[in-house]
Amino acid sequence: MESKRESKADKLAELARRRGFFWQALEIYGGVGGFVSFGELGVKLKDKTIRLWRDYFIHRHNFTEVDTPLISPYVVFEASGHVGSFKDPMAECSKCHKKFRADHLLMEYNRQISEGMSIEDTEREINKGDVKCPDCGNTKWSVRHFLTMFETTIGPYSESEGFMRPETAQGIFTEFKRIYEISRGKMPLGVAQIGKAFRNEISPRQGVIRLREFSMMEIELFFDPLNPKCPLLNQVENEELRILPEDLVEKGIEEPLIISVKDALSKGIIKQEWLAYFMVLSKKFAIKLGIPEDKQRFHAKLPSERAHYSAQTYDHEVLLDKFGWVEVAGHAYRTDYDLSSHMKKSSVDLSVSVQLEEPIKVKHLKMNINSKKIKEIFPDKFNDLMKRLKEMSPEDAKREIDNSGAIVVEGLKLPKEAIEFVDVEEEVKVRRFIPHVVEPSFGIERLVYATLEHAYSEKEDRAILRIPPYLAPVQAAVFPLVSKDKLQEKSVAVWEDLRRRGIDAIYDDSGSIGRRYARADEIGVPFAITIDYQTLDDDTVTIRDRDTWKQKRLTIKDLPDHLLGLLRPSDP
RNA sequence: GCGGAGUUGGUCUAGCCUGGUCAGGAUGUCAGCCCCCCAAGCUGAAGGUCGCGGGUUCAAAUCCCGCACUCCGCACCA
């Protein structure tokens with residue numbers, strides 16, 4: 001086979017372009033890197049992938065789904081930490097024009113760098129003469145920020161700086177308060193979002209694998225850090241995962257550990273039950289897309305390569321022909337990082353409360369303020385004093401009085417008789433906390449690509465996309481065996497009947513029957529229905545299987561239900 | 001961003017070195033014939049500002065320059 005010279009990825013890219021799955025966008029302007037357009041088949045495949053994901057990740061858990069803005073103001077990404085960590089100082093060598101991370105260079109020379117160091121300071125620091133260009137040895141640098149978020153402005157006079165979101169997650173965090181309320185205080189609470197995200201990649205090669213504008217499916221699973229158990233874990237604890245934990249990654253080992261969820265949790269390889277649960281679901285979902293288990297693995301991110309918000313992250317990777325192991329999903333334990341950050345920035349309380357099973361008694365100190373006395377001593381200042389006293393913590397007040405026999409408020413000295421301290425025991429029925437978050441996050445285009453690549457096969461020198469029937473963009477094709485003798489008329493009637501039953505069916509009578517089968521195979525149509533001369537006699541048709549090429553004969557009446565049965569995904 | 005290679009109908013490609021015939025072929029598409037169960041055959045048709053812009057020349061797909069994009073390395077990838 002001489003055609004083997006061309007890689008599967010190349011042939012698939014050509015097929016995708018020619019038949020209209022997807023192609024590089026803006027071709028009439030020479031194309032712009034990192035942007036693709038989807039044609040009809042791509043749109044359908046994407047749509048069905050999303051539908052399957054919704055079933056796997058949202059509906060079966062009764063999670064909720066939102067759709068939040070793609071653009072948010074500066075402050076959101078300042079709070080989330082993206083402005084800091086997406087804005088890297090790039091140092092450019094003045095001689096060979098190679099670019100490096102300025103902070104990484106300085107670190108190599110053991111120079112002090114501070115978190116929010118300005119461009120000017122960084123430039124001064126790196127130009128002190130000893131920092132050499134790793135490539136040409138030059139010591140003169142110019143430093144600029146490279147921002148991987150797309151910047152924009154908001155408002156008719158560009159009043160406010162904004163960003164295109166680099167992940168959908170922040171929208172869930174900024175809207176958390178209301179979502180939580182709408183969900184009637186449910187905890188754990190799963191919130192999903194499906195939509196576009198934007199990253200201004202430096203060099204977005206690898207076609208659809210690395211895009212500047214792409215689609216994500218994310219869930220933020222909020223839970224009580226004191227009750228971190230995943231109630232669904234028993235369903236998956238005996239499942240095995242192929243994991244590359246941190247210690248193996250550090251040693252550069254590529255062969256994953258095959259370990260049960262139960263063991264991975266007890267050995268601390270996976271730190272959070274929900275994280276483990278979603279990893280299993282993620283694996284099953286990918287299998288459902290047609291990606292075999294041994295072409296999948298979970299790759300731990302080392303602390304240095306983890307996102308700024310993450311306490312533990314596993315990349316769900318699949319093995320692709322040309323690109324090697326590619327991340328299709330990220331499973332991150334984000335703790336309460338995001339909610340806490342937004343809480344601080346916005347000054348809005350984003351904590352939630354739970355009813356305690358049993359009220360607990362909590363002892364604390366209470367101030368009984370003798371208001372009569374205070375009014376007597378400072379009648380003019382009474383209101384101010386009362387206000388200030390109520391803001392004080394009883395412990396601090398008592399300490400001051402115990403030490404000095406009096407307390408100074410608003411510059412006025414109140415005698416100890418003004419306040420009485422009592423120990424009270426109170427029943428507490430609620431506990432407040434900031435929810436922790438586990439986040440599974442999927443890249444749709446990468447999943448679609450991985451699906452196509454694993455579906456791609458060749459038989460007798462023709463391409464066949466063995467896309468699982470429930471994902472196939474076109475589910476059935478109806479052909480008249482020959483284009484005459486009323487066979488066309490009959491075929492059109494069958495086609496219309498299938499469409500009415502909600503089946504994605506096409507009709508084709510152009511060229512020979514073999515050509516039509518080939519055309520259908522190439523876009524992954526799982527079933528082809530052929531109307532022949534026998535149909536005119538007994539109302540039966542043949543149904544031909546894409547993968548086996550075997551044919552079966554059944555009546556037109558039974559056809560729609562039979563097809564619908566074949567098109568339903570079997571359970572997990 | 002850097003270095004190297006490339007970009008020709010929908011797709012794949014010849015031609016470029018050594019400027020000059022209507023830019024050739026294959027495949028696909030469409031129409032007709034054929035009536036056939038796995039891209040069969042025959043006839044015909046449509047489809048190309050040779051990536052974009054500029055230059056050299058009487059003449060540029062072909063030579064030169066700039067840009068965009070693609071691929072391979074390097075760097076980057078929260």
Side-chain angles (χ1 to χ4, degrees), chain A residues 3 6-7 9-11 13-20 23-35 39 77 80-88 90-93 95-101 104-105 133-136 144 146-149 166-167 169 197 199-207 209-212 301 303-310 313 315 322 326-327 330 332 459-464 479-485 487-488 509-522 528-534 541-546 548-551 553:
Chain A
S3 56
E6 214 183 342
S7 77
D10 292 337
K11 286 195 259 190
E14 191 254 307
L15 172 62
R17 204 179 316 136
R18 189 161 44 77
R19 297 304 305 266
W23 57 88
Q24 188 184 31
L26 299 154
E27 283 174 317
I28 66 163
Y29 288 105
V32 178
F35 297 95
F77 299 104
S80 69
H82 285 91
V83 171
S85 60
F86 270 64
K87 213 172 200 167
D88 298 325
M90 299 289 287
E92 184 178 343
C93 170
K95 200 164 136 201
C96 68
H97 299 285
K98 285 221 172 8
K99 286 185 176 167
F100 304 90
R101 286 275 297 268
H104 288 182
L105 278 173
C133 170
D135 215 57
C136 69
R144 267 182 314 172
F146 182 81
L147 186 70
T148 33
M149 281 193 290
E167 55 172 8
R199 295 178 191 185
N200 199 1
E201 300 283 356
I202 300 169
S203 62
R205 292 183 191 168
Q206 309 168 325
I209 296 299
R210 205 143 138 235
L211 296 171
R212 289 193 164 117
K301 295 289 244 187
S304 61
E305 46 184 27
R306 280 204 294 261
H308 56 277
Y309 47 70
S310 170
T313 298
D315 280 353
K322 189 171 163 188
V326 168
E327 175 192 358
K459 182 168 177 177
E460 296 174 12
D461 226 25
R462 45 198 248 198
I464 301 178
F479 306 140
L481 181 62
V482 294
S483 314
K484 65 170 195 181
D485 298 332
L487 289 181
Q488 293 180 73
D509 64 7
S510 133
S512 72
I513 186 75
R515 180 175 303 249
R516 285 176 259 151
Y517 283 141
R519 269 199 289 252
D521 285 345
E522 197 179 48
I529 289 91
T530 300
I531 280 73
D532 55 19
Y533 287 110
Q534 194 182 328
V541 297
T542 61
I543 173 165
R544 173 239 192 216
D545 183 276
R546 174 195 66 202
T548 62
W549 290 14
K550 291 229 171 73
Q551 287 185 320
R553 190 166 273 280

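This one's a predicted model, so the numbers in the text were calculated from it and none came from an experiment. Throughout, protein chains are lettered first and strands after them, A, B, ... in sequence-line order, and every chain is numbered starting at 1.
Remark: P of B:C52 and CD of A:Glu27 are 13 Å apart, rounded to the nearest angstrom. In this structure, the CZ atom of A:Arg17 is 10 Å from the P atom of B:C71, given to the nearest Å. Atom OH of A:Tyr29 is separated from atom C1' of B:C52 by 11 Å (rounded to the nearest Å). The CD1-C1' distance, from A:Ile28 to B:C69, rounds to 14 Å in whole Å. Atom CG in A:Leu211 sits about 11 Å away from atom P in B:U70, given to the nearest Å. Rounding to whole angstrom units, NZ of residue A:Lys11 and P of B:U13 are separated by 13 Å. Rounded to a whole Å, the CD atom of A:Gln24 is 16 Å from the P atom of B:U7. Atom CG of A:Asp10 and atom C1' of B:C72 are 12 Å apart (whole Å).
To the nearest whole angstrom, the two P atoms, one in B:C52 and one in B:C33, are 40 Å apart. Straight-line distance between the P atoms of B:G25 and B:G66: roughly 36 Å, to the nearest whole Å. Look at the P atom in both B:G51 and B:A23: the space between them is 15 Å, to the nearest Å. Nucleotides B:U57 and B:G1 have their P atoms positioned 32 Å apart, rounded to a whole Å. Here, B:C17 and B:G53 have their P atoms 22 Å apart, quoted to the whole Å. Look at the C1' atom in both B:G47 and B:U56: the space between them is 33 Å, to the nearest Å. For B:G4 and B:C67, the P atoms lie 13 Å apart once the distance is rounded to whole Å. Comparing the C1' positions of B:G9 and B:G48 gives a spacing of 5 Å, expressed to the nearest Å.
Backbone-only engagement by A:Ser510 is indicated by non-hydrogen atom pairs under 4.0 Å involving sugar-phosphate atoms exclusively. Across all strands shown, A:Lys459 has no heavy atoms under 4.0 Å from either base or sugar-phosphate atoms. Residue-level contact check: A:Glu327 touches neither bases nor backbone, having no heavy atom under 4.0 Å from any strand.
A salt bridge links A:Asp10 with A:Lys322: the closest approach of a Lys/Arg side-chain nitrogen to an acidic carboxylate oxygen falls below 4.0 angstrom.
Shown here are the side-chain hydrogen bond (donor to acceptor under 3.5 Å, both in side chains) partners of A:Arg544, two or more places apart in sequence or in another chain: A:Asp521. Checked against salt bridge (Lys or Arg N to Asp or Glu O under 4.0 Å), A:Glu522 has the following partners two or more places apart in sequence or in another chain: A:Arg18, A:Arg19. Shown here are the side-chain hydrogen bond (donor to acceptor under 3.5 Å, both in side chains) partners of A:Arg553, two or more places apart in sequence or in another chain: A:Asp532, A:Gln534, A:Thr540. Qualifying salt bridge (Lys or Arg N to Asp or Glu O under 4.0 Å) partners for A:Arg519, counting only residues two or more places apart in sequence or in other chains: A:Asp508.
Looking only at distances, no side-chain donor or acceptor of A:Glu201 sits under 3.5 Å from a matching main-chain atom of A:Arg212. A distance-only check finds no donor-acceptor pair linking the side chain of A:Trp23 to the backbone of A:Gly20 [under 3.5 Å]. A donor-acceptor distance shorter than 3.5 angstrom exists from the side chain of A:Arg516 to the backbone of A:Gly511, with no hydrogens or angles considered. Side chain of A:Ser310 to backbone of A:Ala332: no donor-acceptor contact under 3.5 angstrom is found. No donor-acceptor distance shorter than 3.5 angstrom exists from the side chain of A:Arg515 to the backbone of A:Ser510, with no hydrogens or angles considered.
Closest contact between the side chain of A:Arg210 and the listed nucleotides B:C76, B:C12, B:C72 involves B:C76. Distances from the side chain of A:Tyr533 to the nucleotides B:C36, B:C38, B:C77 place B:C36 closest.
Interface remark: the A:Asp521 side chain does not form any donor-acceptor pair with the B:C38 base, using a distance-only criterion of under 3.5 Å. Between the side chain of A:Arg544 and the base of B:C38, at least one donor-acceptor pair of N or O atoms lies under 3.5 Å.
Once the 5.5 Å centre distance and the 30° plane angle are applied, the aromatic ring of A:Tyr517 is found not to be stacked with the base of B:C37.
When each of A:Val32 and A:Met149 is assigned the nucleotide of RNA chain B with its nearest heavy atom, A:Val32 is the one assigned upstream, toward the 5' end. Where A:Gly34 and A:Lys301 each meet RNA chain B at their nearest nucleotide, the meeting point lying more 5' is that of A:Gly34.
Base pairing in RNA chain B gives the following stems of 3 or more Watson-Crick or G-U pairs, range against range and under 3.5 Å: B:1-7 with B:68-74, B:10-13 with B:24-27, B:29-33 with B:41-45, B:51-55 with B:63-67.
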Going 5' to 3' through nucleotides 39-47 of chain B and flagging B where a protein heavy-atom sits under 4.0 Å of the base, S where only the sugar-phosphate is that close, and - otherwise, we get BS-------
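Interatomic distance, OG1 of A:Thr530 versus CG of A:Leu487, reported as 10.5 Å (0.5 Å rounding).
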